[in-house]
Amino acid sequence: MIADVVLGLQHGDEAKGKVTHQLCAKGNYTHVIRFNGGCNAGHTIYHEGKKFVTHHIPAGVFYGIESIIGPGCVVDPEQFFKEIEELEQAGIPASTLVSIANNAHVITKNHKTEDSKDSRIGTTKRGNGPAYRDKYNRTGTRAKELECFEGYLIDIYEELYSKPDVEILFEGAQGFGLDIDHGDYPYVTSSHCTTAAALLNGVPPQAVRNVWGVAKIYETYVGAKRFQPDDNIFDTIQKVGEEFGATTGRVRQCNWMNLDTLKKAVRMNGVTDLILNKMDVLRSVGQWKVYNNDKLLEFKNEEDVKSWITSHMHMSSAQLSNIYFSGDKDRI
Ligand code: IMP
Ligand code: MG
């Protein structure tokens with residue numbers, strides 16, 4: 001068994017959807033597995049010129065790859081069927097490719113009602129936190145208990161261990177800065193967003209080949225805490241980068257990239273391939289700044305920032321093999 005992992009290194013919205021979509025196109029994956037979170041995620045994908053925003057359904061469906069909502073996820077039946085229908089209408093045969101691990105947990109109407117009253121964390125109001133709370137409280141509902149999921153359910157052990165040459169692409173949601181343990185608690189999501197979280201779905205550590213860590217050359221965050229410093233430059237970055245939430249439409253707060261937390265995320269997740277997205281945004285804004293050791297460093301131009309980050313990141317982590325700098329429309 002071989003497994004590659006795609007995960008976010010900041011606060012979600014690092015363009016993991018784009019990376020997963022591109023890896024599906026060029027890899028030999030037999031399965032794409034979403035390993036954490038629920039429909040709080042919003043993965044924006046451009047497929048054959050059309051824009052799609054997926055919340056539950058893994059990007060494998062665009063390339064005819066078996067796509068699984070793993071045991072580490074929570075699933076909202078209403079959102080799940082809505083998404084299947086949208087994809088089918090656009091000609092993507094999602095209903096024949098998607099399955100749900102029978103031990104994934106369910107997001108109920110009550111979970112959503114409860115979450116809709118949150119103002120403390122600034123959640124996406126999709127019922128994510130209450131669903132995970134009930135899972136860990138052992139009062140939750142598993143997917144196998146819902147009649148409407150019949151026909152979509154799989155046993156993850158049977159699915160992954162009864163066939164030869166299984167090659168998995170794990171699709172992460174949210175990011176390291178929102179991780180329940182390593183993020184800025186309580187301003188986090190209720191799941192784990194790490195490489196370890198992918199393994200929790202029933203795959204041995206020896207299977208892991210490449211870990212694709214995805215970040216942006218600047219940072220964004222959506223939620224209740226103050227994140228964006230007082231400076232008009234961040235409003236410009238927000239506009240140029242079109243930084244609006246794919247799930248809630250909220251304006252994303254912006255800041256310069258923090259290399260201290262990026263380094264931590266690269267090390268703790270064993271990132272082998274680092275992607276820094278949205279270079280084109282800072283290129284058109286015309287400023288290149290990065291926090292390092294709590295100090296704001298300014299670079300003269302794109303070449304300088306690239307070479308400095310490259311040498312700094314390679315020095316910080318022995319596992320890191322490749323660093324890609326990518327614009328919105330670039331392929332990796
Ligand atoms: P929850 O995951 O809906 O409970 O929200 C908890 C925090 O994570 C809030 O600050 C959300 O804005 C943030 N969050 C959850 N999912 C995403 C995502 O996919 N992208 C960006 N932020 C997210
Ligand atoms: Mg998103």
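Just so you know, ligand 1 is whichever comes first in the structure, and atom 1 is the first atom listed for that ligand. Computed from a predicted structure; not experimentally measured. Note that the numbering runs from 1 along the sequence shown for the chain.
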Numbered atoms of ligand 1 (with element) below 4.0 Å of [X], judged on heavy atoms:
X: R250; answer: 11 (C), 12 (O)
X: D13; answer: 20 (N), 21 (C)
X: G223; answer: 10 (O)
X: L178; answer: 8 (O), 13 (C), 14 (N), 22 (N), 23 (C)
X: H11; answer: 21 (C), 22 (N)

Specify the protein heavy atom at minimum distance from [atom]: its residue, its atom name, and the distance to 0.1 Å.
atom: atom 6 (C) of ligand 1; result: V188 O, 3.3 Å
atom: atom 16 (N) of ligand 1; result: Q174 NE2, 3.1 Å
atom: atom 18 (C) of ligand 1; result: N40 O, 3.8 Å
atom: atom 5 (O) of ligand 1; result: T123 CA, 3.4 Å
atom: atom 2 (O) of ligand 1; result: T189 OG1, 2.6 Å
atom: atom 10 (O) of ligand 1; result: V222 O, 2.7 Å
atom: atom 3 (O) of ligand 1; result: T124 OG1, 2.6 Å
atom: atom 9 (C) of ligand 1; result: G122 O, 3.3 Å

Self-check item: Around the Mg ion (ligand 2), number of protein N/O/S atoms which are nearer than 2.8 Å
Solution: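 Considering protein N, O and S only, the Mg ion (ligand 2) has 2 within range.
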
| If you look at every heavy atom in R120 and A224, which pair is closest and at what distance? |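 Of all heavy-atom pairs spanning R120 and A224, the closest is O-CB, 3.2 Å.
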
As a quick check of understanding, evaluate salt bridge (charged side-chain N to carboxylate O under 4.0 Å, His left out) for D184 and K225, giving each step before the final call. CA-CA 10 Å; D184 184 18; K225 76 173 169 185; 2.7 Å; yes

At under 4.0 Å between heavy atoms, what of N128 touches ligand 1? The answer is side chain

[X] side-chain N/O to [Y] backbone N/O, donor-acceptor pair under 3.5 Å:
X: Y187; Y: R226; result: no
X: N40; Y: R126; result: no
X: R250; Y: G122; result: yes
X: K16; Y: V214; result: no
X: S311; Y: W308; result: yes

Cluster membership besides F176, Ile/Leu/Val/Met/Phe/Trp/Tyr side chains within less than 4.5 angstrom, sorted by chain and number, is M268

Contacts of T272 meeting side chain to side chain donor-acceptor pair (under 3.5 Å) (sequence neighbours excluded), chain-then-number -> none

Here the gap from L160 atom CG to I154 atom CD1, rounded to the nearest 0.5 Å, amounts to 6.5 Å

Non-hydrogen atom of A173 closer than 4.0 Å to ligand 1
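Heavy atoms of A173 never come under 4.0 Å of ligand 1.
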
Mind listing the side-chain donor-acceptor pairs of residues 46-71 below 3.5 Å, one per line with the distance, residues two or more places apart or on another chain?
unit_1: H47; atom_1: ND1; unit_2: H21; atom_2: NE2; d: 2.9
unit_1: K50; atom_1: NZ; unit_2: A90; atom_2: O; d: 3.4
unit_1: H55; atom_1: ND1; unit_2: A41; atom_2: O; d: 2.7
unit_1: H55; atom_1: ND1; unit_2: T247; atom_2: OG1; d: 3.4
unit_1: H56; atom_1: NE2; unit_2: D76; atom_2: N; d: 3.1
unit_1: Y63; atom_1: OH; unit_2: H21; atom_2: NE2; d: 3.4
unit_1: S67; atom_1: OG; unit_2: V61; atom_2: N; d: 3.2
unit_1: S67; atom_1: OG; unit_2: I65; atom_2: O; d: 3.0

Does a sphere of radius 6.0 Å around CG in N301 hold more than 12 heavy atoms from other residues, nucleotides or ligands, not counting ones at 6.0 Å or beyond? yes

Cationic tip of K289 within the cone over Y291's six-membered ring, i.e. under 6.0 Å and within 45° of the normal?
no

